Amino acid sequence: MRHIISIIVENKFGVLSRVAGLFSGRGYNIETVAVGPTLDPEVSQMTIVTNGDDQVLEQITKQLNKLIDVIKVVDLTEKEFVERETALIKVAPPPEGRAEVLRTAEIFRARIVDSSPKTSTLQVTGDEKKIAAIIELLKPYGIKDLVRTGKVAIARE
Amino acid sequence: MKISGAEIFLEALRREGVKVVFGYPGGVVLKVFDVLYDEKEIKVVLSRHEQGATHMADGYARATGRPGVVLVTSGPGATNTVTGIATAYMDSIPLVVFTGQVPTKMIGNDAFQEADIVGITRPCTKHSYLVKDVADLAGAIKEAFYIASTGRPGPVLVDIPKDVFLDKAEFRYPEEAKLRSYNPKYAGNKWQIKQAAQAIAKAKKPVIYAGGGVLLSGAAEELRDLAEITQIPVTLTLMGLGGFPGTHPLFLGMLGMHGTYQANMAVYRSDLVIAIGARFDDRVTGKVEEFCPEAKIIHVDIDPTSIKKNVHVDVPIVGDVKHVLRDLNTMLRELKEPWEAIRKAWLRQVAEWQAEHPPAYEWSDEVIKPQYVIEKIYDLTGGDAIITTEVGQCQMWTAQFFKFNRPRTFLNSGGLGTMGYGFPAAIGAQMAFPDRLVIDIAGDASLEMNIQELATAVIQRLPVKVAILNNRFLGMVRQWQELFFGGRYSSSDMTGQPDFVRLAEAYGAVGLRAEKPSEVEPVLKEAFRISRPVLIDCVVDRYENVFPMVPAGKGNHEMIFGQEKKSSERGLRAVG
Ligand SMILES: Cc1ncc(C[n+]2csc(CCOP(=O)(O)OP(=O)(O)O)c2C)c(N)n1
C-alpha cells in the first residue's frame, strides 16, 4: 500500500542522507520526497511517499523515529489529509494543436509560466489524479520535458 | 580563556571520566596526540592496527559497561575502524570513535587521506558528528557520550577536521546533553506489564528467552528473581550468556543453531515465551514459523524497532529490561501463586529432554578434543575469568562448555561474527581489569586476523592468555562443507599455519604447546601462572564438529546430533 509519511527533522547537514539511507539500506523505495523549512528555522519538514505492507511501514516509522535527528514521524495515510503536487510541463505542440493545449490548461487551471515560439511551459498543481490526467491529455501534443515537485501533504483538522 | 580544540578534546574526555583511549596517530591528529603526551590521568594504548584499537575499546566497554574510546587519524586510519564499529553496532556496545579529518576547507576535494567516514559508517553507527567549528566541539563530545551509553547503546563517531583541533574557543562543557529528538524511555507501560504478569500466571509451559539486553541494562539480578519467583526455566542467547547463572538449576543453556536440545525443545513446546532484551535473530529462531508455534509471546526491549520485527508479539513492552523486570517481579510476587506446584510437570518434561541429549562429546586418549580444553579452562579457573572468543567453532564450543555465572565475563562478536575480535577485545578487557585472568579462546585462523596486537599486549605488559584451538582449518567453514558440500574443503584448509610458539617468542610473549590430552592441564596451569601474555597452542582434533546443530532453514526441533551419540563414559561425565 501507498503511504505518505510526514517527518519533522532537525535542520542539520546529513539528515536527508540519514533518512534516505534508512530506506535504501533496507531495500525500500522512496517514490517521492519533498523537503522544506518550517516556521522554526532549526527544523525542517519532509514528506515522503513510499510503498509497503503494514509491517514494513511499521518498521520504517519506528526506524525513522530512532534516528537521533528525527523529531516526529506521522504516517498521514492513517489520517484525513490534503496532498498537493506541482508539475512543470513543457509541450511543443504542432501549430494546429496550440489551441487545444491552451484549452486543456484552462480546464486544469494550469498556468502558462513560460513560452517560446515553439514551446509552452505549463504549471499545474493538484492531487495525484489531476496531475496524471493532464499529463495524459497533453501527451498527444508532444511533452518535451516534465518536472514534478513530489507530494507535500498536511493533516486536516 | 580560549584553548585549542585539542585541549578541549582532552578536557572533555576528563569530564567524561575516560581512563583509556585506544588509538593510532597520523597527520591530522598529531596536535591532539601531542596534548595527550603529557596527560597523566588518561592512558593512551597504541595498537598495531586501528581495527585492533576499535575491538580493544569494545572489549573494554563490554567488560566494564562504560563507553570505549578510540582515536585515529583520517582516511585509512578511519576506514580501518569500520569493522570494529560495525561489530559494536550489531551487539549494541557503547563506543565513541574519534576520527581526524582533513582541514574543513579541503573536505570534499579528495584531499590526501580524506575519507567520508561519516558517510561510510552511517549505517553502522547509532549517530555521528562532523564538527566543523571548534565552538561546537565540546557539545558534540558531550552528546556523543550521552547517545552512545543511553537507551539501546551503540557506537557514535565524531569526525574532527585538523583545523578544529588547532582553532581556539572558550571551554564550556554542558552539564547535561539535552536533545529534543532523543529521549530514551526506561520505564515500561504499567498496563502492558500487568498483561504480562497475567499471561505468566496463566501459562503452563513458559520459558524465558533472554539476550544481551539483560547485560546491557545490568539486570542479571532481576532476571534471576523473575525465574526464581515463577520457577520458569531460562535459556540465553549467545549474547546473553552470563546474564543468568550457568550453573543454576533453572538454566537450560543456550538456544538456537548450536543451542542445547532442552532449550530448543522447551521453546518449541512452550505456551508462553518471555523474550527479554533479545531480538529473535535468525541464528536463534531457525525457521521462524517453527520457533515457538504454540506460544504467546511477551517481548521486553528498549528498542521499539526490535519488537515485532521478525515475529508477532502478543504483549510488547518497550522499556529498559531492569526497570520493566522490577515492576513485573513486584506484580508477580503479589499474585502469590503456588509457583512450584504449578511448574512441576513442565520442569520434569524439561529435565527429560536434558537427559535425552545432554551436551557431550566423544573423548579421545590420543588427540585433544577442543571441548576438553574449554572444560579444563573452566575447571582450573572455577569460572572466575573474563573469556573472549574469536568466531567459529571455538566460539560455539565456549558457549556450550564454559559455564558463565557472572555478567560481562563472556565477550564475543555475536551479531557481526567478526573473526579477529577476541584477541584485541581481551586486551581491552585486561586494560580495564589488570588483575583478572583474561583468556581469548581462539581459532587459529581468527587469531591471525589481529595477531599483530600481540605487540600491544607485550608492550602494555598485559598478561592476556590466548588458548588456540588449533585445527589448521577454518573449522566452522570446514564443518559446513563436510555436512552440506560433500566434504569438498574449498579454501578452508589452513595447513601451513605458523609455529605459534615461536611466533609468540618473536613478539616477546610466551608460547606453550599441548599436543596430547594429558598435556592440556599442565600447560594451562603453567600459562595461568605466568604474568605475561601467553599463546597456548592446543593442537586439536582437526575434524571435530559442533553439535547439536540446526541446519540452516530448519526448525529448532529438527536438530542433528553428531558423535555425541557414541559418547564414552568419560565424555559424558566430563560435561554432565
Ligand atoms: C572477518 C571474517 N571473515 C570470514 C568469516 C566467515 N567465517 C566464519 S567462521 C570461519 C572460520 C573460523 O576459523 P577459526 O578461526 O580457525 O575457528 P574455528 O572455526 O576453526 O574454531 C570463517 C572463515 C568471518 N566470520 N569473519
Side-chain angles (χ1 to χ4, degrees), chain A residues 1 3 5-30 33 35-48 50 52-75 77-78, chain B residues 86 89 92 104 107-108 116-133 136 139-140 143-144 146-148 150-159 177-185 279-280 288 299 301-313 316 318:
Chain A
M1 199 185 124
H3 286 257
I5 306 171
S6 170
I7 314 168
I8 307 292
V9 298
E10 296 285 352
N11 182 12
K12 290 183 180 158
F13 59 82
V15 174
L16 181 59
S17 66
R18 282 184 208 281
V19 170
L22 197 152
F23 280 80
S24 62
R26 289 174 174 72
Y28 305 151
N29 196 21
I30 294 181
V33 54
V35 194
T38 64
L39 288 179
D40 178 350
E42 287 184 6
V43 168
S44 300
Q45 195 277 337
M46 293 175 145
T47 309
I48 289 186
T50 187
D53 60 29
D54 289 351
Q55 213 204 334
V56 167
L57 254 292
E58 187 177 336
Q59 259 301 308
I60 290 182
T61 330
K62 284 177 175 175
Q63 292 283 355
L64 283 169
N65 264 312
K66 200 168 140 182
L67 290 177
I68 306 288
D69 286 335
V70 168
I71 300 167
K72 194 174 169 200
V73 182
V74 183
D75 186 349
T77 328
E78 294 160 359
Chain B
Y89 184 71
S92 309
T104 327
I107 291 176
D116 173 12
I117 195 63
V118 166
I120 290 170
T121 58
R122 190 173 297 120
C124 60
T125 46
K126 185 171 171 187
H127 196 52
S128 47
Y129 294 85
L130 168 60
V131 182
K132 287 165 78 178
D133 185 338
D136 299 333
E143 286 182 16
Y146 171 65
I147 291 171
T150 52
R152 180 178 182 172
V156 177
L157 184 131
V158 187
D159 198 21
K178 264 227 163 83
L179 292 124
R180 69 177 136 187
S181 51
Y182 175 74
N183 297 296
K185 300 232 175 338
R279 59 187 175 87
F280 294 85
V288 71
H299 192 177
D301 203 294
I302 196 158
D303 181 354
T305 67
S306 287
I307 295 178
K308 294 193 202 165
K309 185 172 61 177
N310 302 333
V311 295
H312 172 76
V313 172
V318 176

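Nothing here was measured: the structure is a model prediction, and the numbers come from that model. The sequence lines fix the lettering, A, B, ..., with proteins before strands; numbering per chain opens at 1.
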| Residue part contacting chain A, namely of Pro123(B), when any heavy atom lies under 4.5 Å | neither
| said: Looking at every non-hydrogen atom in both residues, tell me the closest pair between Ile307(B) and Pro316(B) and how far apart they are. | reply: CG2-CB, 3.7 Å
| request: Check whether any side-chain heavy atom of Leu64(A) lies under 4.5 Å from a side-chain heavy atom of Leu22(A), and answer yes or no. | output: yes
| message | Using side-chain contact (heavy atoms from CB on, under 4.5 Å), reason through Val33(A) and Thr47(A) one step at a time and then give a plain yes or no. | response | CA-CA 6 Å; Val33(A) 54; Thr47(A) 309; over 6 Å; no
| request: Please report the shortest heavy-atom distance between Cys124(B) and Pro155(B), naming the atom on each side. | output: O-CG, 3.6 Å
| remark: d(Ile5(A) CD1, Thr77(A) OG1) to nearest 0.5 Å is 7.0 Å
| field | Residue pair Asn29(A), Thr50(A): steps toward the side-chain contact (heavy atoms from CB on, under 4.5 Å) verdict | value | CA-CA 6 Å; Asn29(A) 196 21; Thr50(A) 187; 5.6 Å; no
| message | For Val9(A) and Val43(A): C-alpha separation, side-chain torsions, deciding distance, then whether side-chain contact (heavy atoms from CB on, under 4.5 Å) applies. | response | CA-CA 6 Å; Val9(A) 298; Val43(A) 168; over 6 Å; no
Below 3.5 angstrom, are there any donor-acceptor pairs between chain A and chain B, and if so, which atoms and how far apart?
unit_1	atom_1	unit_2	atom_2	d
Glu10(A)	OE1	Arg180(B)	NH2	3.1
Glu10(A)	OE2	Arg180(B)	NE	2.8
Ser17(A)	OG	Arg122(B)	NE	3.4
Ser17(A)	OG	Arg122(B)	NH1	3.1
Ser17(A)	OG	Arg122(B)	NH2	3.2
Arg18(A)	NH1	Ser128(B)	OG	3.3
Arg18(A)	NH2	Ser128(B)	O	3.0
Arg18(A)	NH2	Ser128(B)	OG	3.2
Glu42(A)	OE1	Arg180(B)	NH2	3.4
Gln55(A)	NE2	Lys308(B)	O	3.4
Gln55(A)	NE2	Lys309(B)	O	3.3
Gln59(A)	NE2	Thr305(B)	O	2.7
Lys62(A)	NZ	Pro304(B)	O	2.8
Lys62(A)	NZ	Ile307(B)	O	2.6
Lys66(A)	NZ	Asp303(B)	OD2	2.6
Lys66(A)	NZ	Thr305(B)	OG1	3.4
Ile68(A)	O	Ser181(B)	OG	2.4

| request: Select one option (side chain, backbone, both, neither) describing which atoms of Leu130(B) are under 4.5 Å from chain A's heavy atoms. | output: both
